[in-house]
Amino acid sequence: MDTAKKFNLEKTHTIEDIRALPDGKRAELIDGRLYMMSAPGRIHQKFVHFLDWTIGTYIHDKNGDCEVYPAPFAVFLNADDEIYLEPDISVICDRSKLTDEGCSGAPDWIIEIVSPSSRPRDYIKKMLKYNMAGVREYWIVDYEKNIVIVYNFEYDTVGNYTLSDRIKAGIYEDLEIDFSKIQIT
């Protein structure tokens with residue numbers, strides 16, 4: 001039997017396929033293709049927790065209008081049913097985009113913590129989709145490679161950092177995240 005037919009790789013998927021997944025199963029939908037997601041590891045979750053707490057505390061202390069959501073959080077990137085993602089961190093400043101299901105449209109700031117299985121999607125596919133959809137800022141945190149790449153799509157800049165750097169958030173005047181405070185042990 002043909003491999004593509006055996007695994008149904010030629011099928012174009014929709015948001016209905018995401019909704020039909022059994023409880024506990026997660027996937028993302030990009031250009032009609034489903035990407036199954038496995039449970040994140042401990043170090044990955046350590047970064048998610050640190051970033052969620054740091055950004056959330058900043059917003060709270062400044063009485064900010066934005067909201068931060070860690071994964072799993074549904075992002076219907078183009079406010080349609082064709083691209084469904086679950087970024088590790090989503091910061092949404094336009095509350096009209098928030099629905100009971102998640103975010104309908106592009107968040108202002110997205111952070112992805114790279115996992116070995118997600119590396120090609122995070123570095124290429126998602127970066128392009130986020131840029132085209134109007135995400136203002138996209139960070140890729142790759143702890144295995146000790147790098148953080150900061151795409152500021154609003155100003156068309158890219159910054160490369162390490163996990164020992166303090167990195168300024170582009171969407172805020174005075175938020176810096178000190179990655180050296182994350183203890184990876």
Side-chain angles (χ1 to χ4, degrees), residues 7 9 13 15 17-31 33-60 66-77 83-92 101-103 106-131 133 135 137-151 158-171 175-185:
F7 292 103
L9 297 177
H13 294 276
I15 194 65
D17 295 306
I18 294 283
R19 291 185 174 122
L21 289 171
D23 286 345
K25 297 287 184 188
R26 295 174 45 221
E28 293 182 313
L29 175 66
I30 303 172
D31 297 332
R33 182 165 177 207
L34 278 181
Y35 295 90
M36 300 307 294
M37 299 170 67
S38 57
R42 181 183 64 83
I43 301 297
H44 181 280
Q45 288 304 93
K46 199 170 197 176
F47 276 90
V48 170
H49 173 72
F50 174 79
L51 292 164
D52 177 43
W53 181 83
T54 301
I55 297 165
T57 300
Y58 172 85
I59 292 169
H60 177 268
C66 302
E67 294 190 23
V68 60
Y69 292 94
F73 180 73
V75 172
F76 301 89
L77 193 58
I83 299 178
Y84 170 90
L85 300 168
E86 292 185 7
D88 290 309
I89 300 288
S90 299
V91 178
I92 298 102
E101 284 190 299
C103 179
D108 293 87
W109 181 14
I110 290 177
I111 302 174
E112 293 283 9
I113 315 302
V114 174
S115 299
S117 63
S118 73
R119 186 168 274 117
R121 283 192 319 277
D122 292 339
Y123 276 92
I124 300 167
K125 284 184 189 275
K126 289 183 183 181
M127 186 272 296
L128 293 171
K129 295 297 181 186
Y130 292 150
N131 188 5
V135 170
E137 189 167 354
Y138 175 46
W139 291 18
I140 298 173
V141 178
D142 193 333
Y143 57 85
E144 287 183 357
K145 293 184 175 187
N146 189 37
I147 60 172
V148 179
I149 302 172
V150 174
Y151 293 94
V158 179
N160 293 293
Y161 304 91
T162 70
L163 295 178
S164 59
D165 290 328
R166 293 178 63 92
I167 304 172
K168 185 186 176 319
I171 70 166
L175 172 60
E176 285 189 343
I177 297 179
D178 186 352
F179 278 87
S180 70
K181 290 185 177 183
I182 301 175
Q183 300 298 316
I184 308 173
T185 56

Using the rule given for side chain to side chain contact (heavy atoms under 4.5 Å, CB included), can you reason through I92 versus Y69, listing the C-alpha separation, both sets of side-chain angles and the distance that settles it, and then say yes or no? CA-CA 8 Å; I92 298 102; Y69 292 94; 3.8 Å; yes
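- V141 is listed as a side-chain neighbour of I111, based on a closest heavy-atom distance under 4.5 Å.
- Nearest heavy atoms, I18 versus A27: CD1-O, 3.5 Å.
- Between V75 and S90, the shortest heavy-atom contact is CG2-OG, 3.7 Å.
- Side-chain contact check for T162 versus F179: every heavy-atom pair is 4.5 Å or farther apart.
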Yes or no on side chain to side chain contact (heavy atoms under 4.5 Å, CB included) for N160 and I147, after CA distance, side-chain angles and deciding distance? CA-CA 7 Å; N160 293 293; I147 60 172; 6.0 Å; no
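- To the nearest 0.5 Å, atoms SG (C66) and CG (D108) are separated by 6.0 Å.
- The environment of NZ in K125 is sparse: at most 12 heavy-atom neighbours from other residues, nucleotides or ligands sit within 6.0 Å.
- The shortest distance between side-chain heavy atoms of F76 and Y84 falls below 4.5 Å.
- Side-chain atoms of E86 do not come within 3.5 Å of backbone N or O of A74 as any donor-acceptor pair.
- The shortest side-chain heavy-atom distance between I30 and K129 falls under the 4.5 Å cut-off.
- The shortest side-chain heavy-atom distance between R119 and Y123 falls under the 4.5 Å cut-off.
- Between the side chain of N146 and the main chain of L163, a donor-acceptor pair closer than 3.5 Å is present.
- Taking every heavy atom of both residues into account, P87 and I110 meet most closely at CB-CG2, 3.5 Å.
- Residue S38 comes nearest to S117 through the heavy atom pair OG-OG, 4.5 Å, listed as atom of the first residue, atom of the second, then distance.
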Test log, rule side chain to side chain contact (heavy atoms under 4.5 Å, CB included), inputs M127 and Y151: CA-CA 8 Å; M127 186 272 296; Y151 293 94; 3.8 Å; yes
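- Here the CD1 atom belonging to I59 is positioned 8.5 Å from the CG atom belonging to L175, to the nearest 0.5 angstrom.
- The neighbour count for K25 NZ, taken as heavy atoms of other residues, nucleotides or ligands under 6.0 Å away, does not exceed 12.
- Using modelled atom types, no side-chain atom of S118 and backbone atom of V114 make a donor-acceptor pair closer than 3.5 Å.
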For I89 and W139: C-alpha separation, side-chain torsions, deciding distance, then whether side chain to side chain contact (heavy atoms under 4.5 Å, CB included) applies. CA-CA 10 Å; I89 300 288; W139 291 18; over 6 Å; no
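- Judged by distance alone, the side chain of H44 and the main-chain N or O of I113 form a donor-acceptor pair under 3.5 Å.
- Looking at heavy atoms from C-beta onward, I140 lies out of side-chain contact with V148 at the 4.5 angstrom threshold.
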Side chain to side chain donor-acceptor pair (under 3.5 Å) between Y130 and E112, worked out: CA-CA 11 Å; Y130 292 150; E112 293 283 9; 2.8 Å; yes
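- Note that CZ of F50 and CD1 of I55 are 9.0 Å apart. Values are rounded to the nearest 0.5 Å.
- Taken to the nearest 0.5 Å, the CD1 atom of I182 stands 5.5 Å off from the CG atom of L51.
- Side chains of E28 and R121 form a contact here, defined as non-hydrogen atoms less than 4.5 Å apart.
- For the side-chain contact (heavy atoms from CB on, under 4.5 Å) test with Y138, the passing option among V158, V150, D122 is D122; the others fail.
- No donor-acceptor pair under 3.5 Å is formed between the side chain of D165 and the backbone N or O of I167.
- If you look at Y143 and F47, their ring centroids are closer than 6.0 Å.
- D88 contributes atom CG, which lies 14.5 Å from atom NE2 of H49 (distance to the nearest 0.5 angstrom).
- For the atom pair NZ (K126) and CG (L85), the distance works out to 5.5 Å, reported to the nearest 0.5 Å.
- Residues P70 and V48 share a closest heavy-atom pair of CB-CG1, 3.9 Å.
- The pair E176-R166 counts as a salt bridge, with a side-chain nitrogen and a carboxylate oxygen less than 4.0 angstrom apart.
- Across every non-hydrogen atom of P40 and R26, the tightest pair is CD-NH1, 4.4 Å.
- Side-chain atoms of W109 and V135, non-hydrogen and from C-beta on, never get closer than 4.5 Å to each other.
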